[in-house]
Structures are given as structure tokens and as C-alpha cells.
J.: 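Before anything else, here's the structure in question.
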2 protein chains.
Amino acid sequence: MDPTASLQLSVDRNSPVPLYFQLSQQLEAAIEHGMLTPGSLLGNEIDLAARLGLSRPTVRQAIQSLVDKGLLVRRRGVGTQVVHSQVKRPLELSSLYDDLEAAGQRPATRVLVNTFAPASAEVAAALGVPEGMEVHRIERLRLAHGEPMAYLCNFLPKDLLDLRTGQLESTGLYRLMRAAGITLHSARQSIGARAATEAEGERLGEPEGTPLLTMQRITFDDTGRAVEFGTHTYRASRYSFEFQLLVRS
Amino acid sequence: MDPTASLQLSVDRNSPVPLYFQLSQQLEAAIEHGMLTPGSLLGNEIDLAARLGLSRPTVRQAIQSLVDKGLLVRRRGVGTQVVHSQVKRPLELSSLYDDLEAAGQRPATRVLVNTFAPASAEVAAALGVPEGMEVHRIERLRLAHGEPMAYLCNFLPKDLLDLRTGQLESTGLYRLMRAAGITLHSARQSIGARAATEAEGERLGEPEGTPLLTMQRITFDDTGRAVEFGTHTYRASRYSFEFQLLVRS
DNA sequence: CAGTGGTCTAGACCACCAC
DNA sequence: TGGTGGTCTAGACCACTGC
């Protein structure tokens with residue numbers, strides 16, 4: 001029994017949306033809504049292609065995109081199955097501002113520093129620019145419900161985009177970068193913990209010695225350029241990182 | 001000038017290795033060894049296909065696999081470029097044992113608990129099994145150079161594989177799972193920090209109140225089954241997490 | 001306008017798996 | 001042995017980019 005037979009799949013050849021994408025969206029929706037149950041075997045690609053009036057490579061492209069997303073699994077000689085359980089989709093490259101907003105936490109930002117400064121050796125290495133070259137330097141305090149959550153220190157290449165303090169106070173850095181036409185691709189992160197110094201504690205409203213989460217991140221755009229280097233400290237009592245890692249294939 | 005022209009690319013049609021894979025490996029090696037420099041434009045796909053005696057879809061498949069790895073970027077109307085800079089490949093789903101070994105830290109494991117126990121509500125939810133069902137329970141102390149690094153508490157479905165204490169003391173859990181034919185696919189992780197309790201401090205050789213890194217993880221195999229749930233605490237003074245996140249596409 | 005990648009077709013043969 | 005996905009071909013037309 002082919003569970004896709006009862007699914008009313010169809011494609012619109014007059015749509016500008018690619019056929020394989022139309023199909024993959026419909027299959028994904030069917031999985032999400034439980035029409036295709038975990039573990040169930042899809043019918044074979046040839047029949048599916050014939051039923052939709054598509055070629056097999058097109059159907060394969062649709063299925064492959066869902067395999068890449070971790071929703072389907074193919075087994076040679078067996079067939080294509082819906083993945084067994086609750087694998088959620090990988091989180092986006094996380095933006096603290098968006099995370100807080102999604103959680104209904106009413107994020108706010110206080111910009112402490114917004115200037116240009118020569119790149120230190122560490123910053124230059126991270127951004128791939130010569131040491132001493134002018135870079136954008138931003139320091140912000142991120143608040144939720146009026147309480148400090150994190151202290152964010154960021155460096156960006158100078159002429160990448162202009163960042164006005166007003167913009168920084170009303171939205172997140174990633175959103176500004178995307179709006180400037182920068183396509184974010186990946187980020188290299190390092191997460192650790194340490195005791196708050198007196199100054200750090202004061203900024204975040206915690207006593208000296210309190211555990212803080214620390215994160216360093218270099219973000220790359222789709223051409224591989226480093227577009228941001230950040231050093232952040234978070235109140236561990238109020239924040240933790242959640243994300244999904246994939247095994248490289 | 002097509003930089004791939006001077007590359008001596010070739011494929012062996014008698015090899016069992018897929019043609020697209022042979023090509024992608026050669027291109028990757030050329031990038032890695034600097035034969036293809038960052039930002040350089042590859043020749044177009046049609047010519048490359050003709051030169052190698054392959055069809056265009058096959059060449060596209062090779063190129064696409066490198067795009068997925070973040071080594072190449074395609075631009076419609078422009079061409080295919082080598083990514084600009086130092087984007088390292090995503091880390092594998094990290095194994096503390098392997099990380100330590102790779103860093104020359106001579107990891108060792110002391111198995112504290114290796115038994116079966118009924119699943120608590122939390123464990124049952126994580127593994128997707130009924131509450132109260134017997135699961136494997138392991139507690140380990142991970143050492144490097146004889147110093148405690150982390151305290152690892154893990155739960156696994158009962159009949160997944162058998163874990164002997166001797167094996168657990170000589171290698172990592174992930175390696176044992178792979179050896180048992182389990183294909184790890186992804187993991188959902190949560191990383192935070194907190195002050196060590198007295199008991200935790202004693203286990204790890206740190207005073208009470210010291211910042212500890214905490215990690216909770218559910219690991220899934222390629223069929224989407226949860227195969228492991230772990231709650232780990234790390235000495236923040238000796239360990240931090242490093243990984244790469246990709247933007248979902 | 002010419003050149004590029006993006007999409008699509010209608011076939012083909014092979015390797016692997018379950019029966 | 002039959003059915004599945006894995007790979008591959010030799011074309012085609014379109015959309016976008018840069019000149």
C-alpha cells in the first residue's frame with residue numbers, strides 16, 4: 001500500500017516554483033501533518049513520477065531534499081521511509097534577539113559602544129583582515145523584561161554595512177546584516193563557562209564569581225568571507241544554547 | 001582562464017567509485033592544496049563535462065556536493081567560485097573521547113555505574129520509550145592525564161547494543177555504537193552553565209560553587225530513532241565546546 | 001547580447017535487499 | 001528473482017548576470 005496514493009499530490013506547471021520544490025513541500029507538509037506516519041514506506045520513485053507526470057530525476061531531487069533535511073531515509077533494495085521519530089529540524093544560526101522575541105521575552109538593547117577601532121591581532125585573525133585595519137566595534141547589553149541577559153561585543157569589517165545606534169537598539173545584528181543583502185552561511189562557535197569578574201558581574205547584575213556562559217563566534221557569508229566576530233557573555237541562570245548537530249556525510 | 005584546465009582531472013570508468021565522487025574528491029583536493037585559489041572562477045560545467053567525457057548532470061552532482069560542503073559557491077549568470085576564505089568543514093558530532101585523543105590528552109574512563117534501570121519520565125520522553133521501561137544506564141568519569149574532566153551520565157534503549165564495562169573503559173560510547181552498526185545522524189544539544197554542587201565538585205576535583213559547563217544531548221540514528229540520552233557536566237576550566245553551525249537552506 | 005547556472009526529460013544499466 | 005534506490009547519459013529550455 002503506497003501511502004502517497006491518497007495524498008492528492010499535484011504540481012502546477014505554470015507556477016514559477018520549481019516542480020521538485022512543489023513536490024518536496026507537499027511531502028514535507030504531509031509528514032508534518034501526520035498524513036505520512038513515521039516509518040511508513042513511500043511508493044517507489046518511478047510510480048510517483050508517472051502519477052505526477054514528472055520524470056524520475058525530478059522526483060528524486062524532491063525526495064533528496066527531504067533526505068538532506070533528515071525527514072526521509074532511503075535504503076537501497078528497500079525503499080524510502082519517513083524517519084522514525086521526533087527529529088526536529090536544525091535550528092537556524094541563532095540570533096539572541098530573535099530567540100528572545102520568539103520566546104515572548106520583549107528583548108531590548110542598550111548600545112554601549114558603536115565606533116571604529118583598529119583591529120587587534122585576535123580580531124584581525126578572526127575577520128581575515130590586516131592587523132591594525134579599522135573595523136567596526138560594537139558593545140551592547142541585551143535585556144529581556146528590563147533585566148540584563150547578555151553582554152555582546154562584536155567586530156565587523158568596516159565597509160560591510162552601516163550600523164546606526166538607533167537600528168541596533170531596535171533589532172538584532174543578524175537581521176540588519178540580512179537586510180543589507182548579506183547571505184549568512186555558517187558560523188564557527190566556541191562555548192565555555194567561567195566565573196564573572198567584578199566588572200562583568202556589575203554589567204549583568206550578578207555577584208562576582210557567578211557562573212557565566214561565554215560564546216565566541218565567527219560568522220561567514222556564502223562566499224566564505226568572515227562578516228562578524230563576536231565575544232559574548234550570558235547569565236547562565238537565564239540562558240542556555242540549544243541547537244542540533246548533524247554528522248558530516 | 002579556466003583554472004581547472006591545468007588540473008589533470010580524470011576519472012576511471014572501471015572504478016566502482018561513482019564518477020561524480022571521483023571528480024568531487026579531485027576538486028576538493030585541489031582546493032585543499034591551493035591549486036584552486038579562493039575566489040577563483042571555475043570553468044563552466046559544460047566544458048568541464050566535455051573535457052572529462054562526462055555528462056553535465058554528473059559534473060553538476062560533483063560540484064553540488066562541494067557546494068553543500070561549503071567549499072564552492074554558485075552564482076547564476078556568473079559561475080562557480082571557490083569560497084573566499086577559511087571556512088573549515090563542520091565538526092563531526094563531537095565525541096569527548098575522540099576530541100581528547102585527537103588533542104593528545106590520553107583520555108581514560110572510570111565506569112561508575114553500568115546497569116539497567118526503569119526509565120524516568122524525563123529519560124522516557126527523551127528516548128521515546130514508555131515510562132518505566134528498562135533502559136541501559138551508564139555513569140562515567142572521563143579523565144585526561146589522570147585529571148577528571150567530565151562526569152557523564154547516559155541512557156540508552158535496552159536492546160540496542162551490549163556495553164561491557166571493559167569496553168567502556170577503553171573507548172568512547174559513539175565508537176562502540178558505530179562499531180555495532182548504528183549510523184549516527186544528528187543530535188539535539190543544550191549547553192548551559194551552573195555552579196558546582198558539593199557532590200559535583202567532589203567528583204570533578206573542584207570546589208563547591210565553581211562554574212561547570214553542562215550539556216544535555218539526545219542522539220538520533222539515520223532512521224530518526226533516539227539512540228542515546230546524556231547529561232554531562234564538564235570542568236569549565238579545562239573544556240569548551242567548538243562547533244560549526246550552518247544556516248538552514 | 002552572450003554566457004552562466006537552474007531546471008527538466010526519457011530513457012538506461014547496475015548494486016543491493018528481501019523473498 | 002523481482003523490486004528498490006544509485007548512478008549516468010545527451011540532450012533541452014529558461015532565468016539571471018554582466019557587458
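Chain identifiers are assigned alphabetically (A, B, ...) following the order of the sequence lines, protein sequences preceding nucleic acid strands; residue numbering begins at 1 within each chain.
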J.: Picking from B:Thr37, B:Val73, B:Leu42, B:Leu71, what satisfies side chain to side chain contact (heavy atoms under 4.5 Å, CB included) with B:Val82?
T.: B:Leu42
J.: For A:Met35, which residues count as a side-chain contact (heavy atoms from CB on, under 4.5 Å) partner, sequence neighbours excluded?
T.: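 Partners of A:Met35 by the side-chain contact (heavy atoms from CB on, under 4.5 Å) criterion, ordered by chain and then number, come out as A:Leu7, A:Ala30, A:His33.
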J.: Taking the nucleotide of DNA chain C with the closest heavy atom to each, which residue, A:Gly53 or B:Asp47, is nearer the 5' end?
T.: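 With A:Gly53 and B:Asp47 compared, the 5'-side residue is B:Asp47.
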J.: Taking the nucleotide of DNA chain C with the nearest heavy atom to each, does B:Gly43 or B:Pro57 sit closer to the 5' end?
T.: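 Nearest-nucleotide comparison on DNA chain C picks B:Gly43.
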J.: Under a 4.0 Å heavy-atom cut-off, which of residues 16-27 of chain B touch DNA chain C?
T.: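 Contacts with DNA chain C under 4.0 Å: none.
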J.: Any chance you could list the contact pattern along nucleotides 14-19 of chain D? Use B for base contacts, S for sugar-phosphate-only contacts and - for none, protein heavy atoms under 4.0 Å, 5' to 3'.
T.: -BBB--
J.: Using a 4.0 Å cut-off to any heavy atom of chain B, which nucleotides of DNA chain C are the first and last in contact, reading 5' to 3'?
T.: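 Going 5' to 3' along DNA chain C, contacts run C:dG3 to C:dT7.
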J.: Would you indicate what A:Arg75 reaches in the nucleic acid, counting non-hydrogen atoms under 4.0 angstrom: base, sugar-phosphate, or nothing?
T.: sugar-phosphate
J.: Could you grab the distance from atom CD of A:Gln167 to atom CG of A:Leu161, nearest 0.5 Å is fine?
T.: 8.0 Å
J.: How many angstroms lie between atom CG of A:Leu19 and atom CG of A:Leu23, to the nearest 0.5 angstrom?
T.: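 These two atoms lie 9.0 Å from each other.
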J.: Please verify the inter-ring angle class for B:Phe229 with B:Phe155; under 30° counts as parallel, over 60° as perpendicular, anything in between as tilted.
T.: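 Taking B:Phe155 first and then B:Phe229, their aromatic rings lie parallel (interplane angle under 30°).
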J.: Going by atom types alone, do A:Gln22 and A:Asp12 pair a side-chain donor with an acceptor below 3.5 Å?
T.: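 There is no such pair (donor and acceptor under 3.5 Å, judged by atom type) between the side chains of A:Gln22 and A:Asp12.
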J.: Using only side-chain N and O atoms of A:Asn44, determine if any of them is under 4.0 Å from OP1 or OP2 of D:dT4.
T.: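 So the side chain of A:Asn44 is within the cut-off, an N or O lying under 4.0 Å from OP1 or OP2 of D:dT4.
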J.: Tell me the salt bridge (Lys or Arg N to Asp or Glu O under 4.0 Å) pairs involving residues 38-63 of chain B, sequence neighbours left out?
T.: B:Asp2-B:Arg51, B:Glu45-B:Arg56, B:Glu45-B:Arg60, B:Glu45-B:Arg74
J.: For B:Ala226 and B:Ala126, which heavy atoms make the closest approach, and how far apart are they?
T.: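 Distance-wise, the nearest heavy atoms are CB-O, 3.5 Å.
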J.: Between atom OG1 of B:Thr80 and atom CG of B:Asn44, what is the distance when rounded to the nearest 0.5 Å?
T.: 9.0 Å
J.: Rounded to the Å, how far apart are A:Leu41 CG and D:dT4 P?
T.: 9 Å
J.: Going by distance alone, is a donor N or O of one side chain under 3.5 Å from an acceptor N or O of the other, for B:Asp162 and B:His136?
T.: no
J.: With A:Thr183, which of A:Val227, A:Asp222, A:Asp221 fulfils side chain to side chain contact (heavy atoms under 4.5 Å, CB included)?
T.: A:Asp222
J.: Determine whether B:Leu173 and B:Arg140 make a side-chain contact, defined as any pair of heavy atoms from C-beta on separated by less than 4.5 Å.
T.: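 SC-SC contact between B:Leu173 and B:Arg140 confirmed.
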J.: Which ranges of DNA chain C pair up as stems, where a stem means three or more consecutive Watson-Crick or G-U pairs with both distances under 3.5 Å?
T.: C:1-18 with D:1-18
J.: Take B:Arg137 and B:Phe116 through the side-chain contact (heavy atoms from CB on, under 4.5 Å) test and state the conclusion after the steps.
T.: CA-CA 6 Å; B:Arg137 176 196 177 106; B:Phe116 293 102; over 6 Å; no
J.: Output the rounded distance in Å from CD1 (A:Ile46) to P (D:dG5).
T.: 8 Å
J.: In whole angstroms, how far is the P atom of D:dG5 from the CZ atom of A:Arg60?
T.: 8 Å
